[in-house]
Trainee: 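Before I ask anything, let me first share the structure, which is written out below as structure tokens.
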Amino acid sequence: MSVFSENFLWGGAIAANQCEGAWKEGGKGLTIQDFVKGGSADEPRMFTPVIDETLYYPSHEAVDFYHRYREDIALCAEMGFSCLRLSISWARIFPNGDDETPNQEGLDFYGRVFDECRKYNMEPLVTLSHFDMPWGIATKYGGFLDRRTIDLFVRYAETVIRCFGDRVRYWLTFNEINFGVLQMGAFNSLGLIEKRMLKGADPVPKTELKAPLGKRIQALHHQFLASAMTVRKAHEIDPDLKVGCMLSHITQYPLTCDPEDMLETQRKDRILNKFAGDVMVRGAYPTYIRRLFEEEGICLKMQPEDVSVLQQGTVDFYAFSYYMTNCSTVRTDVERVNGNLMGGAKNPYLQTSEWGWQIDPVGLRYTLNQLWDRYEIPLMVVENGLGAIDRIENGQIHDSYRIDYFRRHIQALKEAVSDGVEVMGFTSWSPIDSVSAGTGEMRKRYGFVYVDRDDNGTGSFQRIKKDSFAWYKRCIETDGEVL
Ligand code: BGP
């Protein structure tokens with residue numbers, strides 16, 4: 001008998017800027033991602049303050065989901081998905097971010113996408129903001145550092161929730177909101193771009209788009225408020241709608257049992273993983289964060305009403321991405337590895353992916369248990385998967401490595417459910433190959449479905465089922481019994 005509940009959500013997750021393309025169609029405005037070129041694990045993506053249309057920018061065409069959504073949703077339906085996580089591009093609805101009225105063509109597009117999902121009884125799970133702030137908000141307002149951006153976001157959120165609330169029951173506010181505490185999150189997550197970066201026309205490495213911690217925390221505070229206000233709005237519109245937070249959970253292990261390593265692990269875990277979750281699930285700033293603010297000289301500007309806004313806007317469920325774990329240590333003479341959003345000390349017990357991310361299925365069980373113990377609200381794994389190079393042999397892709405990755409992670413998920421953790425669902429990252437968020441590459445593939453597109457922007461966009469397609473179909477069909 002299956003360990004999963006009857007209405008467990010099985011599916012996959014994609015994001016607008018990584019799959020849609022059609023960057024100037026349907027009245028869409030520009031987003032911050034439209035200015036970023038492709039890179040690789042060793043070569044940072046370049047940001048160009050002015051778009052040079054002779055160059056290749058991965059988001060401009062991505063994998064053409066905008067024109068091929070029917071085919072892609074049908075493929076997901078064929079695998080038996082009961083859920084498709086996807087994001088709305090804010091700039092398709094409010095092209096400049098602060099327009100007087102929403103763009104009807106954008107609303108119509110998503111209406112068609114959600115109808116298509118419903119046709120197959122697939123529950124859409126919608127991320128309102130997945131790393132693609134409208135360019136107008138980043139440049140005119142300075143992203144989330146400006147309090148006015150809160151209202152712009154809430155207006156956008158209210159518009160789409162009112163419009164699609166009948167077809168979309170599950171919502172996520174910001175993708176990987178905890179990214180904002182990291183330097184890399186300044187641009188992607190918070191939309192912070194220093195004025196001087198916009199002056200010349202010269203490309204700058206995306207890694208140079210930085211902001212001091214104080215500014216990032218202030219902007220993150222505004223995102224917390226925007227998220228809390230959205231939760232309240234959604235419940236006003238329809239009390240049955242469920243709104244979740246979404247974090248990238250980068251579980252930290254101590255590299256050794258040296259008490260100093262234990263403390264370092266706790267410190268990192270709190271800032272990176274717990275802080276944002278605590279605010280959004282518990283509705284208040286945790287006490288441990290005060291000391292960090294003091295030590296870093298951070299003086300958060302709050303309005304008197306902020307405390308109650310956070311309190312009244314706690315989320316209904318906790319969603320997170322899980323790809324890997326890292327080790328923390330105070331020692332500096334240790335081997336290090338790459339990772340999603342950040343690297344860490346190498347764990348001698350784990351293998352790494354081709355991009356250096358440590359593969360840790362058991363860590364998923366550990367993480368789910370930790371989160372359940374802390375919050376006791378429903379959890380959902382909304383991203384998990386293996387970025388790998390796939391090779392076509394006689395028109396087929398034998399991705400046994402990906403099957404192995406999922407088999408072990410879903411096994412761990414089942415163990416966690418048997419441990420008593422309440423898990424609502426599991427959506428793999430990118431069931432259809434899409435552009436990598438970190439490197440902008442196409443060759444870093446996650447899909448059950450291969451897309452003919454390369455890192456130079458050539459390819460027919462043809463979709464080809466990989467071996468993992470039939471495997472995942474069988475997994476869903478048997479409710480995770482046959483892995
Ligand atoms: C998460 C993002 C996704 C996705 C995934 C894989 O951080 O939410 O957008 O892309 O990571 O990362 P990457 O694409 O860099 O391999």
Side-chain angles (χ1 to χ4, degrees), residues 14-68 87 89-99 103 105-106 109 129-143 179 183-211 433-445 451-461:
I14 50 178
N17 81 86
Q18 292 168 264
C19 74
E20 282 179 9
W23 68 299
K24 287 201 292 195
E25 279 178 62
K28 173 183 165 292
L30 299 177
T31 81
I32 54 171
Q33 293 302 337
D34 292 329
F35 292 77
V36 187
K37 295 176 39 50
S40 70
D42 317 308
E43 222 186 293
R45 301 182 67 176
M46 301 301 280
F47 163 80
T48 66
V50 178
I51 294 173
D52 176 349
E53 290 202 36
T54 62
L55 302 175
Y56 165 64
Y57 293 82
S59 72
H60 292 192
E61 292 180 5
V63 295
D64 202 32
F65 177 82
Y66 188 82
H67 299 112
R68 293 163 201 262
S87 73
S89 177
W90 186 350
R92 281 202 191 279
I93 310 302
F94 288 98
N96 300 294
D98 59 357
D99 315 69
N103 168 37
E105 264 189 275
F109 167 66
S129 178
H130 194 129
F131 297 162
D132 59 354
M133 175 183 283
W135 180 245
I137 299 186
T139 50
K140 187 166 157 197
Y141 295 83
F179 200 9
Q183 192 58 270
M184 294 287 285
F187 174 78
N188 263 2
S189 197
L190 303 163
L192 308 181
I193 316 172
E194 285 174 274
K195 287 249 156 30
R196 67 186 176 94
M197 295 292 181
L198 297 169
K199 288 222 170 89
D202 289 344
V204 249
K206 202 174 137 196
T207 42
E208 291 301 308
L209 299 172
K210 295 180 180 170
D433 286 345
S434 65
V435 174
S436 156
T439 65
E441 291 166 295
M442 268 311 300
R443 65 199 274 272
K444 188 180 189 190
R445 296 174 182 276
V451 175
D452 177 27
R453 180 79 168 166
D454 67 18
D455 288 333
N456 303 316
T458 51
S460 66
F461 289 125

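No hydrogens, no waters, no symmetry mates; every other heavy atom, side chains included, goes into these values.
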Trainee: Determine whether Gln18 and Val63 satisfy the following criterion, side chain to side chain contact (heavy atoms under 4.5 Å, CB included), listing intermediate values before the conclusion.
Mentor: CA-CA 7 Å; Gln18 292 168 264; Val63 295; over 6 Å; no
Trainee: If only side-chain N and O atoms count, and only distance matters, is there a donor-acceptor pair under 3.5 Å linking Ser59 with Asn17?
Mentor: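 Ser59 and Asn17 do not have a side-chain donor-acceptor pair below 3.5 Å.
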Trainee: Considering non-hydrogen atoms only, spot the tightest contact between Ala138 and Ile193 and give its length.
Mentor: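 Smallest interatomic distance, heavy atoms only, reads CB-CD1, 4.0 Å.
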Trainee: Measure the spacing between CG of Asp202 and CE of Met197 and express it to the nearest 0.5 Å.
Mentor: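 So the CG of Asp202 and the CE of Met197 are separated by 11.5 Å.
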Trainee: Check Lys28 with Asp34, please: is the shortest side-chain N to carboxylate O separation under 4.0 Å?
Mentor: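 Salt bridge: yes.
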Trainee: Minimum heavy-atom separation for Lys24 to Glu53, with atom names?
Mentor: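 Shortest heavy-atom contact: NZ-OE2, 2.9 Å.
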Trainee: When you compare the side chains of Ser40 and Asp42, does any donor N or O come within less than 3.5 Å of an acceptor on the partner?
Mentor: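 On atom types as modelled, these side chains do not qualify, holding no pair under 3.5 Å.
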Trainee: Could you grab the distance from atom CZ of Phe94 to atom CD1 of Ile137, nearest 0.5 Å is fine?
Mentor: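 Reported to 0.5 Å precision, the distance equals 9.5 Å.
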Trainee: If we only count heavy atoms from C-beta on, is the Met184 to Thr207 side-chain gap below 4.5 Å?
Mentor: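 Answer yes - side chains close enough.
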Trainee: Is the closest side-chain heavy-atom distance between Tyr57 and Thr48 below 4.5 Å?
Mentor: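 They are in side-chain contact.
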Trainee: Could Arg92 and Phe109 be counted as a cation-pi pair, given that NZ or CZ must be under 6.0 Å from the ring centre and within 45° of the axis?
Mentor: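 Yes; both conditions hold, so Arg92 lies above the ring face of Phe109.
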Trainee: Nearest 0.5 Å please: distance from the CG atom of Leu192 over to the CD1 atom of Ile32.
Mentor: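 It comes to 9.0 Å.
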Trainee: Could you go through the side chain to side chain contact (heavy atoms under 4.5 Å, CB included) check for Leu30 and Ile51 one step at a time?
Mentor: CA-CA 10 Å; Leu30 299 177; Ile51 294 173; 4.3 Å; yes
Trainee: With rounding to the nearest 0.5 Å, note down the distance linking CZ in Phe187 to CZ in Phe179.
Mentor: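 Result: 11.0 Å between the selected atoms.
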Trainee: Would you please classify the geometry between the Phe47 ring and the Phe35 ring as parallel, tilted or perpendicular, with 30° and 60° separating the classes?
Mentor: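 Because their plane-to-plane angle lies in the 30° to 60° range, the rings of Phe35 and Phe47 count as tilted.
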Trainee: Do you know which two heavy atoms are closest between Gly26 and Tyr66, and how far apart they sit?
Mentor: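 Heavy atoms of Gly26 and Tyr66 come nearest at CA-OH, 3.7 Å.
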Trainee: Spell out, as yes or no, whether a donor-acceptor pair under 3.5 Å connects the side chain of Asp52 to the backbone of Thr54.
Mentor: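 The answer is yes, because a donor-acceptor pair under 3.5 Å joins these two groups.
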Trainee: Is there a donor-acceptor contact under 3.5 Å from the side chain of Glu61 to the main chain of Ala22?
Mentor: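 No, the answer is negative, given that no donor and acceptor are paired below the 3.5 Å cut-off.
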Trainee: Has Asp64 got a side-chain atom pairing as donor or acceptor with Ala62's backbone, closer than 3.5 angstrom?
Mentor: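 Judged by distance alone, no pair lies under 3.5 Å.
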Trainee: Anything under 30° is parallel, anything over 60° is perpendicular, the rest tilted; go ahead and classify His60 against Trp23.
Mentor: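 If you compare the ring of His60 with that of Trp23, the planes turn out parallel.
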Trainee: Would Val435 and Met442 satisfy side chain to side chain contact (heavy atoms under 4.5 Å, CB included), going step by step from the backbone distance to the final call?
Mentor: CA-CA 5 Å; Val435 174; Met442 268 311 300; 4.0 Å; yes
Trainee: Using side-chain hydrogen bond (donor to acceptor under 3.5 Å, both in side chains) as the criterion, point out the one residue from Arg445, Lys444, Arg443 that pairs with Asp433.
Mentor: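 That would be Arg445; it is the only one of Arg445, Lys444, Arg443 passing the side-chain hydrogen bond (donor to acceptor under 3.5 Å, both in side chains) with Asp433.
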Trainee: Step by step, work out the side chain to side chain contact (heavy atoms under 4.5 Å, CB included) result for Val451 and Phe65.
Mentor: CA-CA 11 Å; Val451 175; Phe65 177 82; over 6 Å; no
Trainee: CD1/Ile14 to OG/Ser434 distance, rounded to the nearest 0.5 angstrom?
Mentor: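 If I round to the nearest 0.5 Å, the distance is 7.5 Å.
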Trainee: Do Asp454 side-chain atoms and Asn456 backbone N/O form a donor-acceptor pair below 3.5 Å?
Mentor: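 Yes, the answer is positive, given that a donor and an acceptor are paired below the 3.5 Å cut-off.
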Trainee: Restricting to non-hydrogen atoms, name the atom on Gly27 and the atom on Pro95 that form the minimum distance, rounded to 0.1 Å.
Mentor: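 Gly27 and Pro95 have their closest heavy atoms at O-CG, 3.3 Å.
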Trainee: Identify the heavy atoms of Phe131 and Gln33 that sit nearest to each other, and give their distance.
Mentor: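 Minimum heavy-atom separation between Phe131 and Gln33: O-NE2, 2.9 Å.
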Trainee: Which heavy atom in Pro58 sits nearest to a heavy atom in Gly440, and how many Å separate them?
Mentor: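 It is CG-O, 3.5 Å.
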Trainee: What I'd like to find out is whether the side chain of Lys37 reaches to under 4.5 Å of the side chain of Pro203, using heavy atoms alone.
Mentor: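 Lys37 vs Pro203: side chains apart.
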Trainee: Working to the nearest 0.5 angstrom, can you tell me the gap between Met133 CE and Tyr141 OH?
Mentor: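 OH of Tyr141 is found 11.5 Å from CE of Met133.
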Trainee: Under 3.5 Å, side chain of Ser87 to main-chain N/O of Ala16, donor-acceptor pair present?
Mentor: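 Yes, the answer is positive, given that a donor and an acceptor are paired below the 3.5 Å cut-off.
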